Every structure is written in structure tokens, then in C-alpha cells.
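Worksheet: the structure to be examined is printed underneath.
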Amino acid sequence: MNICAISFHCCPFSLLGGDGTGGMNVYLREMSAAMTNFPEVKMDIFTRVQNPKIKGIRDISPKVRVIHLKGGPEHPVDRKTLCDFLPEFSRNLEEFIIPYQRSYDLVYSHYWLSGLVGEEIRNNFSIPLIHIFHTLAFSKQRAAKENYEEHRNRLGAEEHLAHVSEAIISSSEHEKQSLIKEYGIPSSKLRVIYPGVNKGLFYPLGQEDVRRELGFREEDKIVLYVGRIEPVKGLLSLIEALESLRKKAPFLSSQLKLIVVGGGTKSSDHPKNKEINRIQKAIAEKNLWNDVFFLGSKRQNQLKKYYSAADVLVMPSLYESFGLVVVEALACGTPVIASRIGEMMNIIKEGKNGSYFNVDDPSSLSLSLNHFFSQKSSLWRAEKIRQDIISRFLWETTAKETYGIFKAIVGRSTTRRSQPDKSPRPA
Ligand code: UDP
């Protein structure tokens with residue numbers, strides 16, 4: 001089975017945690033690795049050139065290639081203007097497919113921009129389109145309210161893609177139900193497949209040792225945030241919760257440290273990020289500079305140290321399609337306090353591996369933090385937290401279920417294509 005995967009705007013092998021890189025890069029990277037478990041699968045991942053030094057075809061494994069095609073300037077550009085370069089990228093993709101006589105069985109597109117390219121390939125080569133949104137604009141708009149800043153075409157394009165794709169993979173039951181309700185998509189077209197965790201990359205390390213290595217003290221109470229920094233991630237409400245905790249529980253608050261990992265490189269990306277500026281202004285106004293530490297993005301293979309050093313990971317998002325950092329922290333044995341949204345209600349078992357708070361409600365978060373530190377000893381131990389999560393979420397399972405969909409859809413469309421009234425497929 002030859003898969004034409006499209007990830008127009010993000011290369012699965014770029015530094016994670018920056019402005020435009022995060023869960024989607026991880027998703028593609030993990031899926032392309034796990035898909036090689038199936039002997040008949042070969043996957044080409046098409047992405048736009050973002051760095052003149054990284055071009056052409058790169059073999060990731062004997063069965064997976066990343067193919068860089070020109071689509072706009074050869075450097076990262078604002079996501080809101082990327083749409084302008086889709087025609088160039090689509091043209092180059094078609095020009096790649098035809099002379100090389102590549103014959104793909106399906107298009108597997110990621111995010112709305114790639115979905116639009118995928119639709120063209122689907123139409124021109126008569127192969128099915130299987131799309132994954134990663135995030136949905138209408139959900140993001142409702143959550144981010146006045147801070148919603150997406151390309152004006154995104155909402156309409158997502159509705160269109162939901163209708164024209166042969167199948168849609170949703171990362172949560174919540175997303176599936178939203179697509180049914182919002183766009184009237186039949187349930188039969190939607191399949192929930194949970195993302196997973198890489199258990200070889202995320203496992204518990206001795207807390208004392210990693211704290212020493214990272215420069216924290218044994219007696220510190222460490223609250224960790226990991227991820228991109230944009231309004232919908234809700235980091236500001238965590239800052240406000242720290243302020244409210246200072247009034248409610250002054251003794252606890254004097255021991256607390258908030259470690260922020262993400263947002264790209266500290267020296268170059270942080271000053272350009274509007275949300276980081278807004279958060280840093282709030283920190284200054286609340287006089288919390290001694291309590292909050294911005295570390296910038298870290299390589300994914302370094303993150304287990306931060307997860308293991310922390311007492312708790314807080315995921316304050318207003319909206320998440322899934323929330324990989326939550327399962328990663330849990331795989332490292334670290335409890336999580338998360339907003340009461342989407343899939344969190346399934347991942348987190350209250351009082352065992354963490355707890356919830358009301359979304360976008362700093363006083364509810366400060367209560368949860370206070371409660372967490374007073375009840376911490378009654379939670380499951382690290383190894384039990386890890387075992388529970390890896391028994392439920394693994395990339396190998398995500399890949400197996402996705403492959404099942406691919407086989408079913410390709411089987412169906414091959415039968416249809418063999419009907420005489422269908423246009424022939426090139427190559
Ligand atoms: N990540 C990373 N380094 C960082 C921050 C984040 O490697 O400094 C990775 C993290 O391990 C996770 C992903 O980025 O796999 C973020 O995924 P998530 O689903 O939490 O958020 P998204 O980016 O999809 O909104």
C-alpha cells in the first residue's frame with residue numbers, strides 16, 4: 001500500500017515546541033515509524049521547503065521518505081499567509097507524481113491546508129482522501145473568543161473538507177461529535193483513533209537526580225507547563241491561579257515554582273510571540289518573576305527529565321484536540337491537573353493520576369493545585385500511573401487502527417474504480 005501523506009506546513013523532523021511545531025509533527029513522526037510494522041506499507045510525506053539546507057528527498061527508513069517541495073519562500077512564514085502558496089505546492093506535487101510514475105493508493109492529509117492539496121490530488125488521480133484535522137477552527141474560535149486569529153478561509157475550508165473526504169480520523173470522541181453536530185457529517189465517515197505515547201521515550205527518572213541535574217531543589221514544589229504558547233493554551237490562567245494561590249495558601253505558594261517549557265527558542269522566538277509578551281506583562285504586574293521560569297523549547301528526548309522533575313503537569317488549555325503532553329507526563333509517572341475539556345475526562349482518573357479544574361477559571365485551578373499538594377500522597381505511585389497510561393495509549397495501536405481504515409477505504413475505492421465509467425488513474 002503506497003501512501004501519499006501531505007503535511008504542507010510542518011515538517012515532522014523540525015524542532016518541537018516552537019511557534020508552529022508541536023503535536024502534529026510528533027503525530028506524523030510516530031505514525032510513520034509505527035506504520036512500518038505493516039510489511040506492505042510505504043509512505044511518502046510531502047512537505048514544503050522551509051529551510052534551503054533541507055531540500056529534496058530524505059529517506060527516513062527503507063519505507064518512509066520525506067519529500068520537500070517548493071511552496072512559497074524557503075523559510076518559515078506566518079501560518080496565516082501560507083494559504084497563498086498552496087497552488088504552487090500542489091502543482092509541484094502533481095509534477096512529482098506524474099514523471100516519477102508514482103502510484104499511490106490513498107492521500108492521507110494533515111491539517112486543513114494539506115487537506116486542500118489532498119483534495120486536488122484525490123480528484124486528479126482518483127484515489128481516496130483520508131483527512132485528519134488535528135484542530136478545528138470552529139472549536140478554537142469558541143474557546144479563544146476575541147483572541148481567535150486564523151485565516152479567513154479556514155472555517156469554510158474545514159467544512160468543505162469534512163464533506164468531501166472519504167474518511168475523517170478524529171483524535172477524540174468530542175471532535176467526532178462536534179463534526180456531526182456542526183456540519184451534519186454522517187457518523188459512518190468518522191472514526192475516533194486516539195493518538196498515543198512513545199513508552200521508550202517517556203518513562204520515569206529518579207526525581208532527586210533530575211532535579212539536581214536541572215538545578216532545582218528537593219524541597220521545591222514544581223508545577224510544569226509544556227507546549228506551544230498561544231491564547232488557546234490558557235497559560236495566562238495558570239499565572240492568575242498562582243496569584244490567587246498566593247492569597248489562599250501563602251506557605252505553599254512560597255515553595256512553588258512554575259517551569260514553562262515551549263514557545264520556541266527563548267532568545268529569538270519568545271520576544272516575537274504576542275502571547276508570551278501578554279503573559280510576561282501579567283507576571284510583572286503580579287510580581288511573580290521569582291516564581292516563573294521560561295526555559296524555551298526542549299528536544300523531545302529531553303522532556304522526560306522535566307516531566308520527572310515536576311510534582312505535577314498543568315494543562316490549562318481552553319481547547320485541545322487531544323493533548324499529547326498529558327499522556328507523556330503520565331507515562332513518566334507524573335500526575336496531571338487539566339482543564340475539564342474533551343478527552344481529558346477519559347485520560348485523567350480523578351484522585352488517581354490527577355484531577356480537573358473548570359476551564360478558563362483561575363480560582364478553580366488554584367483550588368485544584370492547593371488540594372493536589374495536600375492530597376498528593378493518596379494518588380497512585382509513579383509506576384502505576386505509567387502502567388495505566390501505556391495500557392491505554394500507544395502509537396502502535398494508533399497505527400494499527402489507522403491501517404485498518406486505510407485497508408477498508410482502499411478496498412472500497414478499488415472496487416469502485418474498477419467500474420467502467422470511472423476515469424483511469426495515471427501511472
Ligand atoms: N514538545 C517538545 N518540546 C517542547 C514542547 C513540546 O518536543 O519544548 C512536544 C511534546 O512532547 C508533544 C508536542 O510537542 O508531543 C505537543 O503536543 P500537544 O498535543 O500537547 O499540543 P499541540 O502542539 O498539538 O497543540
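In each ligand, atom 1 is the first atom listed, and ligand 1 is the first ligand listed. Since we're looking at a predicted model, the values are computed, not measured.
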**Q.** Close side-chain approach of Trp395 and Pro195, heavy atoms under 4.5 Å
**A.** yes
* So with a 6.0 Å cut-off around CD of Glu218, is the heavy-atom count from everything else above 12? -> no
A student checking ligand 1 against Val261 at a 4.0 Å heavy-atom cut-off should list atoms 8 (O)
Checking heavy atoms under 4.0 Å, the part of Val26 that sits near ligand 1 is side chain
Q. Stepwise, does the side chain to side chain contact (heavy atoms under 4.5 Å, CB included) test hold for His174 with Met345?
A. CA-CA 11 Å; His174 180 261; Met345 323 289 278; over 6 Å; no
Under 4.0 Å from one or more heavy atoms of Val226, ligand 1 contributes atoms 5 (C), 6 (C)
Going by distance only, is there an N or O of Lys298 that falls short of 3.5 Å from an N or O of ligand 1?
yes
Heavy atoms of Glu88 and Gly72 approach each other most closely as OE1-N, 2.8 Å
*Touching ligand 1 at all, Lys233? Heavy atoms, strictly under 4.0 Å?*
yes
Under 4.0 Å between heavy atoms, the region of Arg228 that gets near ligand 1 turns out to be side chain
Where does the angle between the aromatic ring planes of Tyr194 and Phe322 fall among parallel (under 30°), tilted (30 to 60°) and perpendicular (over 60°)?
-> tilted
**Q.** Under 3.5 Å side-chain donor-acceptor pair for His160 and Glu119
**A.** yes
Judged by modelled atom types alone, do Tyr111 and Arg154 share a side-chain donor-acceptor pair under 3.5 Å?
-> yes
| query | Taking both backbone and side-chain atoms of Leu324, is any N or O found less than 3.5 Å from an N or O belonging to ligand 1? | reply | yes
A student checking ligand 1 against Leu303 at a 4.0 Å heavy-atom cut-off should list atoms 1 (N), 2 (C), 3 (N), 7 (O), 10 (C), 11 (O)
When Lys140, Lys274, Glu149 are each screened for side-chain contact (heavy atoms from CB on, under 4.5 Å) with Glu230, the one that passes is Lys140
If we number the atoms of ligand 1 from 1 as shown, the ones under 4.0 Å from a heavy atom of Gly22 are 13 (C), 14 (O), 16 (C), 23 (O)
With heavy atoms and a 4.0 Å threshold, my read on which part of Thr135 contacts ligand 1 is neither
In short, Ser165 meets His131 closest at the heavy-atom pair OG-CB, 3.6 Å
So for His134 against ligand 1, with non-hydrogen atoms under 4.0 Å, the contacting part is neither
For Val325, the ligand 1 atoms with a heavy-atom partner under 4.0 Å come out as 10 (C), 12 (C), 20 (O)
Counting from 1 in the order shown, the ligand 1 atoms closer than 4.0 Å to a non-hydrogen atom of Ser297 are 8 (O)
